[in-house]
Protein chains: 2
Amino acid sequence: MRSPLEKARKNPESMKARILTAARHIFGEYGFHGTTTRMIAKEVGIDISTLHYHWGDKNDLYEAVVMDVNNDLGKELLKVEKIVHGSSLEERMNISLDMMTDYLFDHPEISNLVLLRYFSKTRNEVDIDFKVPEFSGDIAYAMGLAKDAKNPSPRAMMEVMSIMNGMHNFISGENYFRLMLKLDRKCYIDLVKETLKFILIPAFVLREGKTKKEVSRPPSKTAKEKKKSQSKQS
Amino acid sequence: MRSPLEKARKNPESMKARILTAARHIFGEYGFHGTTTRMIAKEVGIDISTLHYHWGDKNDLYEAVVMDVNNDLGKELLKVEKIVHGSSLEERMNISLDMMTDYLFDHPEISNLVLLRYFSKTRNEVDIDFKVPEFSGDIAYAMGLAKDAKNPSPRAMMEVMSIMNGMHNFISGENYFRLMLKLDRKCYIDLVKETLKFILIPAFVLREGKTKKEVSRPPSKTAKEKKKSQSKQS
DNA sequence: CTTTGGTTCCATTTTTTGATTGAACTGCTA
DNA sequence: TAGCAGTTCAATCAAAAAATGGAACCAAAG
């Protein structure tokens, strides 16, 4: 509890926290350059100078927003991992995709801001990226794609990013895609979940099955035999 | 050959075309609000007023850029479809992913601009979207996911968008992801292709196999038999 | 009651940005 | 050669946007 960010989040009613929340939404919707400090101040119902008093200049506020959003995302990922830990890969993916999709649809600014950071540049060289923690390594570890969360292979990282981006895309692009498909929100959310599961799960489950099969007979077998062949491989 | 856009593209050396090209790159990198007309003019090496003389105001130029990029994307998709037409689904996906990935890596502004349009709003209500053709329906048809390119099911559309976005993500995010993974460009491109194929192909091929199996024997078969059962389904 | 620190707003400054104007230059044609 | 259409640029304007300074307000401490 030291940074101004944590301080602001401690009391969500505080002016500092209210500004941060409004900034999250507006930066998420319009991006850094598409957002003016006036828009944020107006959303909160305060004067611009109050905003500057609390958060310094626009860059500082943006930086705080990115960190804040990343914190929340990290917390949620940890929560999900606790729940699915121990289940089979297919089960883990099913539950994780459900939970994360629900969470992100409740907080679409998170997806918006994550993607904007990947895909769009800022004119100022605000290189805050090195301060923002990356979770892909941890997810790769949790999925069994990496022996060590700190040293995941590029391939494992890419696979994890495919999953995360798959979610972010449909959540961040809701306005665009949902209008195109003419669906109401609930239908859209369900369809996103189904599509993500349809696309993502087979690849991973199939590969897991293959590495297992390599050292055993093709047909189904007893649990004991499975365990043996599993320990044999790798 | 009537619109100012087509006119400009006819002669790529013309000032109008040079401005359009520069605008593609800069709008793609920084987004609409992150780009200033001065940045574009400077890139071309001309005065701002020359830019306005040729393209009107910033909105008009942006609109032209979006249309231009979309034209190019449509042309390339058509080219790829011509080549892979008739092959098996797995073969089609393999080749299409290879070709489209190569093409987009050569023209990353396309991916940039497509994604920015999905994920980021513009302050002005420049509703150009209704003018911009959507290819997802045609791809769905070409993949056999829809009986009619004009009336694809939402589910088919979502599946196609998963594929397209999967590509766009890694191309548009190259700077970010490649720096993170510390790979040179060639390695990164290869890894993108492998990852996309690994993630995307199994889901579709598996489903196709399932619907096929319903009307034929499970084990592998000769190419002749395969062809027969292929024509039987659908 | 007075002081003090923290907070907010109003008014203003400075910088950036989009857009226009008019002069100058070009090559072509009558 | 004079005239003209098409282009380009320097200079400038007007609006938007970031940021600041100082007055006013308020609640708690002395």
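Note that the coordinates shown come from a computational prediction; the quantities given were computed from them, not determined experimentally. In what follows, chains are A, B, ... by sequence order, proteins preceding strands, each numbered from 1.
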Give the rounded distance in Å between these two atoms: [atom1] of [X] and [atom2] of [N].
X: Met15(B); N: dC25(C); atom1: CE; atom2: P; value: 18 Å
X: Phe32(B); N: dG18(C); atom1: CZ; atom2: C1'; value: 10 Å
X: Lys42(B); N: dG18(C); atom1: NZ; atom2: C1'; value: 18 Å

Legend entry - Neighbour count above 12 (heavy atom, 6.0 Å) for Tyr141(A) OH: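 It does not: Tyr141(A) OH has 12 such atoms or fewer within range.
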
Legend entry - Proximity of Phe27(A) and Tyr62(A) rings by center, below 6.0 Å: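 Close enough - the centres of the two rings lie under 6.0 Å apart.
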
Legend entry - Identified side chain to side chain contact (heavy atoms under 4.5 Å, CB included) counterpart of Ile171(B) within the set Val114(B), Asn112(B), Leu104(B):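 One option only clears the test, and that one is Leu104(B).
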
Legend entry - Within residues 102-111 of chain A or reaching into it, pairs that qualify as side-chain hydrogen bond (donor to acceptor under 3.5 Å, both in side chains) - sequence neighbours excluded: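 For residues 102-111 of chain A: Arg24(A)-Glu109(A), Asp102(A)-Lys193(A), Ser111(A)-His168(A).
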
Inset, instruction - State which residues pass side chain to side chain contact (heavy atoms under 4.5 Å, CB included) with Thr37(B); sequence neighbours excluded, sorted by chain then number. - result: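 Result, side chain to side chain contact (heavy atoms under 4.5 Å, CB included) vs Thr37(B): Ile48(B), Leu51(B), His52(B), Lys58(B).
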
Legend entry - Tyr30(A): ring-ring contact (aromatic ring centres under 6.0 Å, His included) partners, not counting sequence neighbours: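 Checked Tyr30(A) against ring-ring contact (aromatic ring centres under 6.0 Å, His included); zero matches.
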
Inset, instruction - Specify the angle, to 10°, made by the local axes at the two ends of the helix from dC1(C)-dG30(D) to dA30(C)-dT1(D) when five pairs are taken at each end. - result: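 The angle separating the two end axes equals 30°.
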
Inset, instruction - Walk along DNA chain D from 5' to 3' and tell me the first and last nucleotide with an atom closer than 4.0 Å to a non-hydrogen atom of chain B. - result: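 It runs dG6(D) to dA17(D).
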
Legend entry - Leu97(B) side chain reached by Ile163(B) side chain, heavy atoms, under 4.5 Å: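 They are in contact (side-chain heavy atoms under 4.5 Å apart), so the answer is yes.
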
Legend entry - Residue pair His25(B) / Glu29(B), side-chain donor-acceptor N/O under 3.5 Å: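 The criterion, which ignores hydrogens and geometry beyond distance, is not satisfied for Glu29(B) and His25(B).
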
Legend entry - Asp47(A) and Ser49(A) side chains, donor-acceptor separation under 3.5 Å: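 Yes, a side-chain donor-acceptor pair sits under 3.5 Å.
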
Inset, instruction - Scan nucleotides 10-17 of chain C nucleotide by nucleotide, 5' to 3', and note B when protein non-hydrogen atoms come under 4.0 Å of the base, S if they reach only the sugar-phosphate, - if neither. - result: B------B

Legend entry - Donor-acceptor contact below 3.5 Å, side chain Asn165(A) vs main chain Met161(A):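 Looks like yes, one N/O pair under 3.5 Å.
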
Legend entry - Residue mapping more 5' on DNA chain C - nearest nucleotide basis, Ile46(A) or Asp57(B):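 The 5'-side residue here is Ile46(A).
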
